[in-house]
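Order of the sequence lines sets the chain letters (A, B, ...), proteins ahead of strands, with each chain counted from 1. The model shown is predicted, which means the values in this text are computed figures rather than measured ones. Only heavy atoms go into these numbers, but all of them, side chains included; no hydrogens, no water, no symmetry mates.
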There are 2 protein chains.
Amino acid sequence: MKKIKVVKKQILQRKGDLYSKSYKVESGLLRSYTIDEKGKEHIFMFGPEGWIVTDYVSPKEPCELYIDALEDSVIIPIEKTSTQDIDLKKFIKRIRVLQNRVIMLMSASAVDRYEHFISTYPNIIQRVPQHMIASYLGITPEALSSLKSQRLRSKQ
Amino acid sequence: MKKIKVVKKQILQRKGDLYSKSYKVESGLLRSYTIDEKGKEHIFMFGPEGWIVTDYVSPKEPCELYIDALEDSVIIPIEKTSTQDIDLKKFIKRIRVLQNRVIMLMSASAVDRYEHFISTYPNIIQRVPQHMIASYLGITPEALSSLKSQRLRSKQ
DNA sequence: TAGATTTCTTAATCTACATTAATGTATTTA
DNA sequence: TAAATACATTAATGTAGATTAAGAAATCTA
């Protein structure tokens with residue numbers, strides 16, 4: 001249970017790495033993401049204080065996601081092999097978030113996904129640049145920008 | 001651990017139901033899905049033999065998903081409260097499938113998602129109508145149909 | 001604090017996929 | 001087995017969001 005400090009932009013895990021770990025976030029903010037063949041980033045999750053950021057692959061397999069720090073952070077690396085540490089409740093919560101995310105991606109428009117995001121994670125909005133919100137929502141920064149101004153106009 | 005028989009089209013759970021259960025599939029095929037405000041169905045998962053189909057909400061909360069049978073099936077209902085029955089390995093496997101699904105939905109085209117689906121679940125294809133595959137992929141049946149004929153043409 | 005870099009916005013054009021509609025073919029069910 | 005219903009295909013048209021490009025504002029960094 002060693003706490004370590006990481007600085008903004010520090011990369012903790014790259015796609016393809018073996019023996020990957022989970023990271024419990026004490027303070028700061030991490031993210032996990034993929035990079036597609038066109039070089040575009042797709043954010044899988046944001047991990048603020050209290051969250052565990054991990055790639056859900058066995059430590060024996062090459063991992064799928066990149067993990068880096070969006071803010072200077074204090075984190076606790078956890079070996080994936082230590083199953084006794086697994087917090088089942090957090091696990092179930094996470095799977096619910098993912099279920100919701102899949103449903104949103106399949107059935108909701110970009111505007112609705114944005115509305116949902118800001119009401120679910122209001123604090124994340126202030127801490128990360130817009131293009132990362134866009135990346136999480138599965139749209140381009142340009143689309144998010146115009147969606148926001150449309151939203152503003154329609155509210156006044 | 002009582003086995004029960006259900007017939008094709010039988011509904012096991014409706015959105016909003018309380019005290020929802022998990023269903024272990026002995027034989028046959030279940031699915032879970034949502035219906036959006038426009039009345040459109042979005043399939044969350046297919047559950048063939050060996051799979052557990054569940055809505056990842058606490059049994060105290062109204063559930064999010066519908067569950068029904070796509071084939072006559074034999075299933076075992078499991079109380080969600082009995083955490084001792086939870087098969088952690090299956091849990092981790094499921095979460096990985098969801099991670100993959102989110103990444104696919106965010107970064108891959110309809111064609112790529114289809115290719116990925118048929119290579120991952122080749123047996124499901126033969127057992128369900130095309131429009132349900134489309135629903136799982138997050139596209140319309142018409143889009144899937146034309147995507148398939150394009151694929152055929154480009155392979156010859 | 002000046003220059004570089006990152007971030008955000010706006011607007012024109014493009015494209016993947018949705019929608020609508022028509023037709024044909026299976027599959028149910030009476 | 002006839003009629004009804006479910007399913008699949010094709011094509012025309014529409015649209016949400018992508019792409020490209022350019023400029024402005026904010027934030028780093030030397």
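Taking a 4.0 Å limit (strictly below) on heavy-atom distances, residues 30-45 of chain A reaches DNA chain D at A/Lys40.
The ring of A/Tyr66 has its center closer than 6.0 angstrom to the ring center of A/Tyr33.
B/Arg151 places its CZ atom 19 Å from the C1' atom of D/dT10, with the value rounded to the nearest Å. One atom, CG of A/Leu147, and another, P of D/dT15, lie 18 Å apart when rounded to the nearest Å. Between A/Leu137 atom CG and D/dA16 atom P the separation is 17 Å, expressed in whole Å. In this structure, CD1 of A/Ile139 is placed 19 Å from P of C/dA16, rounded to the nearest angstrom. Residue B/Ile125 contributes atom CD1, which lies 11 Å from atom P of D/dA8 at whole-angstrom precision. Rounded to an integer number of Å, the gap from A/Tyr114 OH to D/dA16 P is 19 Å.
Partners of B/Tyr121 under the ring pair (Phe, Tyr, Trp, His ring centres under 6.0 Å) rule, at least two apart in sequence or in another chain, are B/Phe117. Under the salt bridge (Lys or Arg N to Asp or Glu O under 4.0 Å) criterion, A/Arg96 pairs with B/Glu61, B/Glu64, not counting sequence neighbours.
Ion pairing between B/Glu115 and B/Lys148 fails under the 4.0 Å rule for side-chain N and carboxylate O.
Hydrophobic cluster membership for B/Leu18: B/Tyr19 (Ile, Leu, Val, Met, Phe, Trp, Tyr linked by side-chain heavy atoms under 4.5 Å, directly or transitively).
Inter-residue side-chain proximity for B/His116 and B/Asp112 is flagged as unmet; no heavy-atom pair is nearer than 4.5 Å.
In the helix from C/dT1-D/dA30 to C/dA30-D/dT1, the rotation axis of the first five pairs and that of the last five pairs differ in direction by 60°, rounded to 10 degrees.
Of the candidates B/Ile139, B/Ile125, B/Ile118, B/Ile125 is the only one forming a side chain to side chain contact (heavy atoms under 4.5 Å, CB included) with B/Ile133. The only member of A/Ser73, A/Pro48, A/Ser32 that meets side chain to side chain contact (heavy atoms under 4.5 Å, CB included) when paired with A/Val53 is A/Ser32.
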Using the 3.5 Å cut-off, write out each protein N or O paired with an N or O of nucleotides 4-12 of chain C and the distance between them.
residue : atom : partner  : partner atom : Å
C/dC8   : OP1  : A/Gln130 : N            : 3.0
C/dC8   : OP2  : A/Gln130 : N            : 2.9
C/dC8   : OP2  : A/His131 : N            : 3.3
C/dT9   : OP2  : A/Ser145 : OG           : 3.2
C/dT9   : O5'  : A/Ser145 : OG           : 3.2

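Remark on DNA chain C: of its neighbouring residues B/Ser109 and B/Lys8, the 5'-side contact belongs to B/Ser109, judged by nearest-heavy-atom nucleotide.
Side chain of B/Arg31 to main chain of B/Phe46: no donor-acceptor pair is present (N/O by atom type, distance under 3.5 Å, no hydrogens or angles).
When the side-chain nitrogen and oxygen atoms of B/Thr140 are compared with OP1 and OP2 of C/dC17, none of them lie within a distance under 4.0 Å.
Summarising the local packing, NZ of A/Lys93 is surrounded by 12 or fewer heavy atoms from other residues, nucleotides or ligands at distances under 6.0 Å.
Residues A/Ile75 and A/Val6 share a closest heavy-atom pair of CD1-CG1, 4.0 Å.
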